[in-house]
Peer 1: 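The structure follows.
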Amino acid sequence: GSTKNNKYTFKKLKPGTSYEWFVVVWNSDGSDKAISDDVKAATLPSAPSIKVTAGKKKADVKWGKVTGATNYTVYYSTSKNSGYKKAGTTSGKSYTVKKLKPGKTYYFKVVANKKVGSKTYTSAYSKIVSAKIKNNFSSPAFPKKNTGPAFCNMSIRIISEPLFMI
């Protein structure tokens, strides 16, 4: 495109895509005046869509591949609106957050990242998903039917008479 101003807006760029530009400045008579160095940049990746499965002291966070993403960063909190901590970053499509407290509800969100040179472009956060971590204990196992008496009722009879005679 061209412009008479010192800025230009590119339209219809794809999310998570790297682009490279250079600028040519022309004199009014049509001869070129200067050519800039290449400029590398990228559009932000789309936000991932996540699912969370709670386990014992852990939660498995999964998402689909985001076009152009280099890696993903997972965050969690015990409050929906604040206090998020970075759980970790992975190039895969899942991450297990460990050492969570049983019986507690946690909230999770993920961003997709695209690295171009030394710069990282980060998506908006995914929608927040909650999960209640499972307790460490399981319910006691009870037999399906009565397999015998719950207690034993025994009586003892003492005989004071001799059992045999000589």
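Just so you know, these numbers come straight off a predicted model, no measurement behind them.
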Peer 1: Can a donor-acceptor pair be found, under 3.5 Å and without considering hydrogens, that links the side chain of Thr43 to the backbone of Gly16?
Peer 2: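 Here the side-chain-to-backbone pair exists.
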Peer 1: Can you tell me how far apart OG1 (Thr67) and NZ (Lys14) are? Round to the nearest 0.5 Å.
Peer 2: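 Between atom OG1 of Thr67 and atom NZ of Lys14 there are 9.5 Å.
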Peer 1: Using the rule given for side-chain contact (heavy atoms from CB on, under 4.5 Å), can you reason through Lys85 versus Tyr76, listing the C-alpha separation, both sets of side-chain angles and the distance that settles it, and then say yes or no?
Peer 2: CA-CA 5 Å; Lys85 296 177 186 174; Tyr76 71 101; 4.0 Å; yes
Peer 1: List the atom of Thr120, the atom of Lys115, and the distance in Å for their closest heavy-atom pair.
Peer 2: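 Of all heavy-atom pairs spanning Thr120 and Lys115, the closest is OG1-CG, 4.1 Å.
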Peer 1: Testing the 3.5 Å rule here: is there a donor-acceptor pair between the side chains of Thr105 and Ser130?
Peer 2: no
Peer 1: Answer yes or no on whether Lys86 is positioned over the face of Tyr75, meaning its NZ or CZ is under 6.0 Å from the six-membered ring centre and within 45° of the axis.
Peer 2: no
Peer 1: Would you sort out whether Ser18 and Lys114 count as a side-chain contact (heavy atoms from CB on, under 4.5 Å), showing the intermediate values?
Peer 2: CA-CA 9 Å; Ser18 298; Lys114 177 165 183 70; 3.0 Å; yes
Peer 1: Please report the shortest heavy-atom distance between Asp38 and Glu20, naming the atom on each side.
Peer 2: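 Result for this residue pair: OD2-OE2, 2.6 Å.
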Peer 1: Apply side-chain contact (heavy atoms from CB on, under 4.5 Å) to Phe108 and Ile128, showing your working.
Peer 2: CA-CA 6 Å; Phe108 302 88; Ile128 295 169; over 6 Å; no
Peer 1: Any side-chain heavy atom of Lys40 sitting closer than 4.5 Å to one from Tyr19?
Peer 2: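 A side-chain contact is absent here, since even the closest heavy-atom pair is not under 4.5 Å.
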Peer 1: Would a single hydrophobic cluster contain both Val74 and Leu100, if residues Ile, Leu, Val, Met, Phe, Trp and Tyr are joined by side-chain heavy-atom contacts under 4.5 Å?
Peer 2: yes
Peer 1: Do you know the tightest heavy-atom contact between Ser123 and Ser46?
Peer 2: CB-O, 3.5 Å
Peer 1: Looking at Ser94 and Lys62, would you say the former's side chain and the latter's main chain have a donor-acceptor pair under 3.5 Å?
Peer 2: no
Peer 1: In sequence, state the C-alpha distance, the side-chain angles, and the governing distance for Ser91 and Asn71, and then conclude on side chain to side chain donor-acceptor pair (under 3.5 Å).
Peer 2: CA-CA 4 Å; Ser91 59; Asn71 57 42; over 6 Å; no
Peer 1: Ignoring hydrogens, what is the shortest heavy-atom contact between Pro48 and Tyr72? Give both atom names and the distance.
Peer 2: CG-CD2, 4.5 Å
Peer 1: Which pair of heavy atoms, one from Pro102 and one from Lys57, lies closest together, and at what distance?
Peer 2: CG-CG, 4.0 Å
Peer 1: Is a side-chain donor or acceptor of Thr78 paired with a backbone partner of Tyr106 at a separation under 3.5 angstrom?
Peer 2: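 No, the answer is negative, given that no donor and acceptor are paired below the 3.5 Å cut-off.
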Peer 1: Looking only at non-hydrogen atoms, find the nearest pair between Pro45 and Ala112 and report the distance.
Peer 2: CG-O, 3.7 Å
Peer 1: Would you kindly confirm whether Tyr107 and Val61 end up in one hydrophobic cluster when ILVMFWY residues are joined by side chain heavy atoms under 4.5 Å apart?
Peer 2: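 Tyr107 and Val61: separate clusters.
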Peer 1: Would you say Thr122 and Asn113 are linked by a side-chain donor-acceptor pair, where the criterion is simply a distance under 3.5 Å?
Peer 2: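 A donor-acceptor contact under 3.5 Å links the two side chains.
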Peer 1: Given 3.5 Å as the limit, does a donor-acceptor pair link the side chain of Ser126 with the main chain of Val110, or not?
Peer 2: yes
Peer 1: Would you sort out whether Lys51 and Trp63 count as a side-chain contact (heavy atoms from CB on, under 4.5 Å), showing the intermediate values?
Peer 2: CA-CA 6 Å; Lys51 291 182 181 182; Trp63 54 87; over 6 Å; no
Peer 1: For Lys65, does the NZ atom have more than 12 heavy-atom neighbours from other residues, nucleotides or ligands under 6.0 Å away?
Peer 2: yes
Peer 1: Count I, L, V, M, F, W, Y as connected when their side-chain heavy atoms are under 4.5 Å apart, and connections chain through other members. Are Val111 and Val66 then in the same cluster?
Peer 2: no
Peer 1: Quick one: do the Thr96 and Asp60 side chains pair a donor with an acceptor below 3.5 Å?
Peer 2: yes
Peer 1: Backbone N or O of Ala87 within a donor-acceptor pair of the Tyr95 side chain at under 3.5 Å?
Peer 2: yes
Peer 1: What do you reckon, is CG of Asp37 surrounded by more than 12 foreign heavy atoms closer than 6.0 Å?
Peer 2: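 Open: at most 12 neighbouring heavy atoms sit under 6.0 Å from CG of Asp37.
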Peer 1: Same cluster for Tyr125 and Val129 if Ile/Leu/Val/Met/Phe/Trp/Tyr side chains link at under 4.5 Å?
Peer 2: no
Peer 1: Please round to the nearest 0.5 Å and tell me the distance separating atom NZ of Lys58 and atom NZ of Lys98.
Peer 2: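 It is 7.5 Å, given to the nearest 0.5 Å.
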